[in-house]
Amino acid sequence: MTDPAVTIGCFRYDTTRPLFDGSVTVDGTSVEMRTGATLPEIFDRLIRGNEFDVAELGLTFYLRLLETGLPFVALPIFPNRVFRHSCVFVNTHSGIVEPGDLAGKTIGEFGTYGQDSGVWAKGILMDEYGFEPEGSRWVIGGLEHPAAPFDFIPHPHPADVDVTLAPEGRTLNAMLDSGEIDALFSANVPQCVLDGSPNVARLFPDFEPLERDYHRRTGIFPIMHTVVARRELLRDRPGLARDLYRAFSGARDAAADRYRRDRRLYQVPTMVPWMNALVERNNEQFPEDWWPYGIAANRATLDTYLRYHHEQGLSTRRWKIEDVFTPELLGT
């Protein structure tokens, strides 16, 4: 009797596309790949819909649920990571021109206080610029469409942090453009910025040099999401955790190899001008494995995130890496 197919839910990234097209497989396991229109949709279908055996999940979503008991355990696979100096947007009439000006201002955040992008942005601002989240007011809502906070996770925050909901029918995008909020911490670029509104700018307009300097000094490439698997599934199928790790790693390697091969071709398979120059700059800054999975290569980044999560009042305890990831893969 063969084991049933394992359902995997994740976004179609460069790092996961070979799993979707079948060019990379999970050894000895039949897999059904599924995705969603948005990442929160995938998270919702995992947590509330009970749809997937294995799935991508935001780190803060995982840690919040870990507090209350969770049928999933994390694998050290990180399909989504983004530098976050670029994710802070400000209304140009708010008087915010540097990080210190965020004090006393009203700041929006999508879906929950402390999305992964917000955890990183707050933490970096705290470490580098002395930012104090409790010194600002926070408004939670939908980015482009009116929406209540995510209803499939807890919403902890410190008692001394002022967190309210966006007015009914209002979006954070519109509120930032109109000046109803002074700033926005956002994983997605708001539409008013894409439309070129003169009312909105980034806190750090020239963010790339800052993010590159941050990486050189700290070695941190911020991780947003991990991959989780059902504890029961891993218990019943010994070795599956390592097979999944090898498959996701193989998919990532296939994507990285394509960029390496395309250096010879000036990256012409992409339609982004100067992509070849970007790849060359990154090749100078990053090691050969610039998107590492596993614990060893990501320990500093993971430790920093776990510290931020606790410092920002999103965890009641300071989680250790060994508490978070499956023991089978702690040696990776």
Side-chain angles (χ1 to χ4, degrees), residues 40 58 60 82-150 155-214 222 224 308-309 311-314:
T60 188
V82 188
F83 289 101
R84 284 309 188 190
H85 288 70
S86 57
C87 85
V88 183
F89 301 88
V90 301
N91 184 279
T92 54
H93 309 289
S94 65
I96 302 172
V97 295
E98 58 185 30
D101 298 328
L102 291 167
K105 301 298 185 180
T106 302
I107 305 173
E109 205 166 354
F110 169 53
T112 186
Y113 175 77
Q115 257 210 344
D116 290 309
S117 58
V119 173
W120 276 110
K122 293 184 190 84
I124 291 168
L125 289 172
M126 291 164 72
D127 279 355
E128 305 267 305
Y129 302 97
F131 176 61
E132 298 178 348
E134 66 273 17
S136 301
R137 298 175 296 277
W138 299 85
V139 177
I140 309 305
L143 184 60
E144 309 295 351
H145 305 282
F150 300 130
H155 293 268
H157 64 81
D160 60 350
V161 176
D162 182 356
V163 179
T164 60
L165 303 184
E168 187 174 354
R170 298 295 288 158
T171 67
L172 297 176
N173 172 71
M175 294 175 72
L176 180 65
D177 198 24
S178 69
E180 294 168 80
I181 57 176
D182 302 302
L184 173 68
F185 286 31
S186 177
N188 294 346
V189 179
Q191 189 62 43
C192 56
V193 173
L194 299 177
D195 291 341
S197 170
N199 299 321
V200 183
R202 280 188 166 93
L203 176 63
F204 300 110
D206 194 15
F207 56 83
E208 184 182 341
L210 289 173
E211 292 175 343
R212 286 186 179 276
D213 176 67
Y214 172 79
M224 303 298 126
Y308 286 167
H309 208 262
E311 288 177 347
Q312 294 171 32
L314 305 175

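Here the structure is a predicted model, which is why all the values come from computation and not from measurement.
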Are the side chains of Pro133 and Tyr113 in contact, using a 4.5 Å heavy-atom criterion? yes
Pairs under 3.5 angstrom only: tabulate donor-acceptor contacts from the side chains of residues 161-168 to other protein residues two or more places apart or in another chain.
none

The side-chain hydrogen bond (donor to acceptor under 3.5 Å, both in side chains) partners of Thr60 (sequence neighbours excluded) come to Arg64, His309
Give me each pair satisfying side chain to side chain donor-acceptor pair (under 3.5 Å) with a member in residues 131-140, each pair once, sequence neighbours excluded. Thr106-Arg137
Who are the side chain to side chain contact (heavy atoms under 4.5 Å, CB included) partners of Pro99, not counting sequence neighbours? Leu125, Tyr129, Leu203, Phe204
Leu194 side, atom CG; Glu144 side, atom CD - distance, nearest 0.5 Å: 7.5 Å
Could you tell me whether the side chain of Phe89 reaches within less than 4.5 Å of the side chain of Cys192, counting heavy atoms only? no
Quick one: closest heavy-atom pair of Pro156 and Gly313, and the distance? CB-O, 3.9 Å
Considering residues at least two apart in sequence or located in another chain, which fulfil the side chain to side chain contact (heavy atoms under 4.5 Å, CB included) criterion with Gln312? Val119, Lys122, Met126, Tyr308, Leu314
Nearest-0.5 Å distance, CG of residue Asn91 to CD1 of residue Ile96: 8.0 Å
Could you grab the distance from atom CD1 of Ile181 to atom CG of Asn173, nearest 0.5 Å is fine? 9.0 Å
Leu172 and Val139: side-chain contact (heavy atoms from CB on, under 4.5 Å), yes or no, with the steps? CA-CA 8 Å; Leu172 297 176; Val139 177; 4.3 Å; yes
Pairwise salt bridge (charged side-chain N to carboxylate O under 4.0 Å, His left out) hits with a residue in residues 184-199, at least two apart: none
Sorted by chain and residue number, the side chain to side chain contact (heavy atoms under 4.5 Å, CB included) partners of Val97 (sequence neighbours excluded) come out as Asp101
Please examine the side chains of Tyr214 and Ile124, heavy atoms only from C-beta on, and report whether any two atoms are closer than 4.5 Å. yes
The complete set of side chain to side chain donor-acceptor pair (under 3.5 Å) pairs with one or both residues in residues 202-211, sequence neighbours excluded, reads Ser86-Glu211, Glu208-Arg212, Glu208-Arg281
Got a second to check how far Arg84's CZ is from Phe207's CZ, nearest 0.5 Å? 11.0 Å
I need the minimum non-hydrogen distance between Ile140 and Gly111, along with the two atoms involved. CG2-C, 3.5 Å
Does Glu109 reach the main-chain N or O of Gln115 with its side chain, forming a donor-acceptor pair under 3.5 Å? yes
With sequence neighbours excluded, tell me which residues meet side chain to side chain contact (heavy atoms under 4.5 Å, CB included) with Pro146. Thr171
Under the rule for side-chain hydrogen bond (donor to acceptor under 3.5 Å, both in side chains), what residues qualify as partners of Asp116, not counting sequence neighbours? Tyr305
Can you tell me which residue pairs pass the ring pair (Phe, Tyr, Trp, His ring centres under 6.0 Å) test with a partner in residues 160-183, sequence neighbours excluded? none
Can you name the nearest heavy-atom pair linking Val88 to Ala121, along with the distance? CG2-CB, 4.1 Å
Residue pairs meeting side chain to side chain donor-acceptor pair (under 3.5 Å), one or both in residues 174-186, sequence neighbours left out, come to Arg170-Glu180, Asp177-Ser197, Asp177-Asn199, Ser178-Glu180
